[in-house]
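Structure first, then comments.
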Amino acid sequence: MAEHLTKSAARNIFYGGSLFFFVIFVGLVAQSVHYAIDNGGKISASAAAGKRVWERHACFDCHTLFGEGARFAPELGKVWLRYGGDKDPQGARDALKSWIRSQPTRIEGRHQMPQFNLTDQELDELVDFFIYTSTINTQNWPPQPKTAG
Ligand code: HEC
């Protein structure tokens with residue numbers, strides 16, 4: 001048995017090793033792409049418009065969405081499910097819209113949410129946005145879905 005690597009053995013180890021890790025790399029990229037594509041429902045035009053309402057009125061100045069934003073008010077990523085949207089979609093839609101319409105509550109000792117004077121269409125778009133965010137598989141992040149992450 002040779003005591004030293006021959007040139008061709010070293011070359012084979014180099015090419016073989018490179019190929020081996022390149023195949024693993026391609027596999028990991030494919031897996032990431034699979035998760036990225038398969039994560040949540042389709043974004044409707046209305047949900048996309050709802051995201052713009054969310055941004056225009058800077059709801060994230062007080063709320064978090066999946067832990068991102070300010071921690072003054074409840075986390076809203078899964079608010080649709082908290083309002084029972086999976087069981088009674090119309091009831092949850094009405095409840096969310098009337099909650100936003102009836103702010104501020106002026107209840108002593110509670111943080112207040114301002115009145116945004118949103119149109120019925122903007123409210124529906126926001127709800128569609130929350131329906132979309134509720135379908136995103138966050139692997140249970142944030143750990144406490146009601147309070148900020
Ligand atoms: C100035 C801070 C502030 C801003 C900005 C704000 N909110 Fe709120 N929001 C609150 C607070 C505080 C509460 C909780 C009030 C309470 O429980 O009495 C709340 C509650 C809510 C709830 C009910 C959450 C639940 O779990 O019951 C929804 C839905 C909501 N906000 C949506 C929005 C949307 C949409 C926007 C942007 C258009 C927005 N908020 C902007 C402060 C804010």
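All ligand and atom numbering here is 1-based and tracks the order in the structure. In this text the structure is predicted, and so the values were computed from the model without any measurement.
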Item to check | hydrophobic_cluster_shared for Phe21 and Leu28, side chain cutoff 4.5 Å | outcome: yes
Next on the checklist: Which option wins on minimum heavy-atom distance to atom 26 (O) of ligand 1: Arg110, Arg82, His57, His111?
Outcome noted: Arg82
Item to check | Winner among Tyr83, Phe129, Trp99 once heavy atoms are compared against atom 27 (O) of ligand 1 | outcome: Tyr83
Next on the checklist: Can you confirm whether more than 12 heavy atoms, excluding those of Gln115, are under 6.0 Å from its CD atom?
Outcome noted: yes
Checklist entry - Crowded around Glu68 CD? As in, over 12 foreign heavy atoms under 6.0 Å? => result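 Result for CD/Glu68: open.
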Checklist entry - Just checking, any donor-acceptor pair under 3.5 angstrom between side chains of Thr64 and Glu75? => result yes
Next on the checklist: So which atom in Gly84 and which in Ala92 form the shortest heavy-atom distance, rounded to 0.1 Å?
Outcome noted: C-CB, 4.1 Å
Next on the checklist: Could you check whether any side-chain heavy atom of Phe20 comes within less than 4.5 Å of a side-chain heavy atom of Ser18, counting everything from C-beta outward?
Outcome noted: no
Checklist entry - Where's the contact between Ile107 and ligand 1, heavy-atom distance under 4.0 Å: side chain, backbone, both or neither? => result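 Neither part.
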Checklist entry - Any idea which part of Leu96 is under 4.0 Å from ligand 1, heavy-atom wise: side chain, backbone, both or neither? => result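 Under 4.0 Å from ligand 1, Leu96 contributes side-chain atoms alone.
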Next on the checklist: Going by the rule side chain to side chain contact (heavy atoms under 4.5 Å, CB included), which residues pair with Lys51 if we only count those two or more places apart in sequence or in a different chain?
Outcome noted: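 For Lys51 the side chain to side chain contact (heavy atoms under 4.5 Å, CB included) partners, ignoring immediate neighbours, are Glu55, Phe129.
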Checklist entry - When you check the gap from the basic side-chain N to the acidic O, do Arg101 and Asp120 get nearer than 4.0 Å? => result yes
Checklist entry - Number of protein N/O/S atoms less than 2.8 Å from atom 8 (Fe) of ligand 1? => result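 Those protein atoms number 2 in total.
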Checklist entry - Going by the order shown, which atoms of ligand 1 are within less than 4.0 Å of some heavy atom of Leu126? => result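 Answer for ligand 1: 35 (C).
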Next on the checklist: Is the ring pair Trp54/His63 parallel, tilted or perpendicular, if the boundaries are 30 and 60 degrees?
Outcome noted: tilted
Checklist entry - Below 3.5 angstrom, do we get any N/O pair linking Asp61 and ligand 1? => result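 No: no nitrogen or oxygen of Asp61 is under 3.5 Å from one in ligand 1.
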